[in-house]
Number of protein chains: 2
Amino acid sequence: MQKASNGTRAGNLPEDQTGRKGSRTVSRQVLADHVYEELLASLMDGRLEPGAAVSIDGTARDLDVSPTPVREALARLEHTGMVRRVALKGYRVAPVFTREDFADLMEARLAIEPVNARLACARLNPHRLAELEQTLTELKSAPRGPSFAEYKDYLEADERFHQLIAQQTDNQFLVGAYAALGGQVQRFRLFGGVGITDAENAIAEHQSVLDALSSGDPEQAEAAMAAHIQKVRERAMADAPEE
Amino acid sequence: MQKASNGTRAGNLPEDQTGRKGSRTVSRQVLADHVYEELLASLMDGRLEPGAAVSIDGTARDLDVSPTPVREALARLEHTGMVRRVALKGYRVAPVFTREDFADLMEARLAIEPVNARLACARLNPHRLAELEQTLTELKSAPRGPSFAEYKDYLEADERFHQLIAQQTDNQFLVGAYAALGGQVQRFRLFGGVGITDAENAIAEHQSVLDALSSGDPEQAEAAMAAHIQKVRERAMADAPEE
DNA sequence: CATGTTCAGATCCTATAGGGACGCCTCCAG
DNA sequence: CTGGAGGCGTCCCTATAGGATCTGAACATG
């Protein structure tokens with residue numbers, strides 16, 4: 001994909017962009033941000049499979065930018081663990097999760113997310129509660145077909161639910177800690193990982209968390225979240241005993 | 001960029017570097033890594049004060065490299081929260097901590113570090129225990145003078161103690177989560193922050209953590225670490241009730 | 001047929017050039 | 001003396017060029 005003529009692009013970039021290239025660098029700024037978003041979306045959508053090479057020059061050609069912003073975007077992405085730099089061989093998408101990786105990830109989530117739920121409970125307000133309820137409604141109504149595209153909405157709602165709780169702690173460090181984990185969780189969900197086996201139970205667990213939050217009982221919220229994550233781990237481990 | 005004579009530099013870069021520039025780009029690779037390390041050291045040492053601007057071109061001149069690797073290093077650094085990008089005005093060192101920031105940071109540490117201690121306890125081995133004991137010895141013997149340079153070793157040993165415990169969980173995600181926090185802790189220690197008030201108590205608390213670890217009681221290790229962090233918070237809050 | 005060598009392509013990494021915007025200082029007019 | 005305008009310098013941001021290395025295939029040889 002090399003965008004043919006010039007000036008007119010496929011339209012990947014938001015409205016604030018214009019035709020750089022050529023002569024007038026009109027748009028200015030944050031081109032690297034768009035590259036970052038684009039790469040992140042590709043990773044999340046599964047367009048870039050684990051282990052695949054991410055060429056700097058190639059990506060620059062695809063997105064019709066110079067290698068410099070691509071390099072900057074990849075440097076940021078590397079810090080999240082989504083891609084790895086192999087020395088002087090370029091970047092690669094991080095390899096698939098092993099069983100041990102998954103266990104570690106769940107261990108880390110168990111350390112952080114129940115605390116998030118407890119703190120979020122203390123700092124909840126009607127607006128935030130409404131956001132959570134809205135997300136849970138989306139989770140319930142999302143289609144859950146067999147193919148990836150059919151439960152994409154479900155996974156996104158699931159991720160958003162946990163992310164909202166992290167944000168509602170009003171603690172930038174906990175938000176950051178969860179964000180680092182959440183990206184991995186999301187990536188794991190998409191690949192070899194846990195599908196939506198037993199979605200009904202998962203929804204019920206989310207409902208329990210939300211009930212505890214709305215009832216204003218921090219301890220119960222913490223316990224409900226811990227129980228949910230443990231159940232997620234159990235289901236995933238039972239599903240994929242392979243390897 | 002003219003960097004005086006040439007070839008002879010202040011000597012910032014490790015031995016593996018050579019005189020690129022000129023004609024032969026001999027060294028090759030990872031130049032951005034050295035820039036990253038250099039900037040990180042400057043931040044930790046306090047050479048770069050909070051709020052100070054970090055010019056891309058200026059840093060490139062100082063380190064005698066081109067702006068490209070500096071840009072890449074700063075992009076990575078931004079993701080850690082040590083520096084912030086202000087849109088199109090360049091990078092700045094993150095501002096000093098407020099009381100609320102400190103409280104948030106301790107809240108996050110309380111969520112993660114006691115769990116780390118518990119898990120590290122289960123996965124401890126003689127070699128690792130020896131490392132911890134060594135670090136604690138260094139902590140006890142480190143000079144604790146009034147000026148920064150005089151308790152730098154103390155702070156480094158303190159940081160290393162906590163970092164070792166995180167690493168001993170054998171969980172990459174927990175290591176990453178602590179690393180993100182630990183950098184902030186270290187930075188906070190150096191600035192407005194908590195000095196070494198009541199170092200004797202702090203040392204005793206570290207000793208308690210180590211005792212619990214060596215005794216093989218995970219619950220006690222978790223409790224000791226939680227108690228330590230709470231005490232750190234109390235001392236810092238009592239010290240700087242200002243603002 | 002197997003193996004070592006060579007060559008070409010692709011890629012990474014760094015350096016340099018150029019365009020545009022902001023901030024500061026100086027100078028001039030009221 | 002004070003306020004505004006203009007020039008200058010600095011900086012960020014992107015694009016392009018060039019050197020060095022690695023990978024893969026084609027080819028020659030035992």
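Order of the sequence lines sets the chain letters (A, B, ...), proteins ahead of strands, with each chain counted from 1.
- Residue A:R61 has a polar side-chain atom (N or O) positioned under 4.0 Å from OP1 or OP2 of C:dT11.
- Whole-Å rounding puts the B:Y91 OH to D:dC12 P distance at 10 Å.
- For the pair B:R84 (side chain) and B:R92 (backbone), a donor-acceptor distance under 3.5 Å is absent.
- A salt bridge links B:R76 to B:D33: one of the charged nitrogens lies within less than 4.0 Å of a carboxylate oxygen.
- Remark: A:Y36 pairs with no residue by the ring-ring contact (aromatic ring centres under 6.0 Å, His included) rule, at least two apart or across chains.
- Close to D:dC13, at under 4.0 Å from its OP1 or OP2, lies no side-chain N or O of A:T68.
- At least one donor-acceptor pair closer than 3.5 Å links the side chain of B:R123 to the backbone N or O of B:T169.
- D:dC12 atom P lies 17 Å from atom CD of B:E72, rounded to whole Å.
- Among D:dC13, C:dC13, C:dT16, the nucleotide with an atom closest to any side-chain atom of B:I56 is D:dC13.
- When only modelled atom types and interatomic distance are considered, A:Q172 and B:D101 share a side-chain donor-acceptor pair under 3.5 Å.
- Taking only side-chain atoms of B:P67, from C-beta outward, the nucleotide of C:dT16, C:dC12, D:dC12 with the closest atom is C:dT16.
- Contact between the side-chain N/O atoms of A:S66 and the OP1/OP2 oxygens of D:dA15 is found at a separation under 4.0 Å.
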For nucleotides 22-25 of chain D, which of its nitrogen or oxygen atoms have a protein nitrogen or oxygen under 3.5 Å away, and what is each distance?
residue	atom	partner	partner atom	Å
D:dT23	OP1	A:K89	NZ	3.3

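- Atom P of nucleotide C:dA15 and atom CG of B:L31 are separated by 6 Å, given to the nearest angstrom.
- Separating the CZ atom of B:R92 from the P atom of C:dC22 is a distance of 16 Å, rounded to the nearest angstrom.
- Classified by interplanar angle (parallel below 30°, tilted 30° to 60°, perpendicular above 60°), the ring pair B:H79/A:H79 is tilted.
- Distance alone, capped at 3.5 Å, is enough to place a donor-acceptor pair between the B:Q184 side chain and the B:T80 backbone.
- Checking D:dC13, D:dT16, C:dT14 against the side-chain heavy atoms of B:R71 singles out D:dC13 as nearest.
- Between A:D62 atom CG and C:dT11 atom P there is a gap of 11 Å when expressed in whole angstrom units.
- The CG-P distance, from B:D57 to C:dG23, rounds to 17 Å in whole Å.
- When each of D:dT16, C:dA15, D:dA15 is scored by its nearest atom to the side-chain atoms of A:P69, the top-ranked nucleotide is D:dA15.
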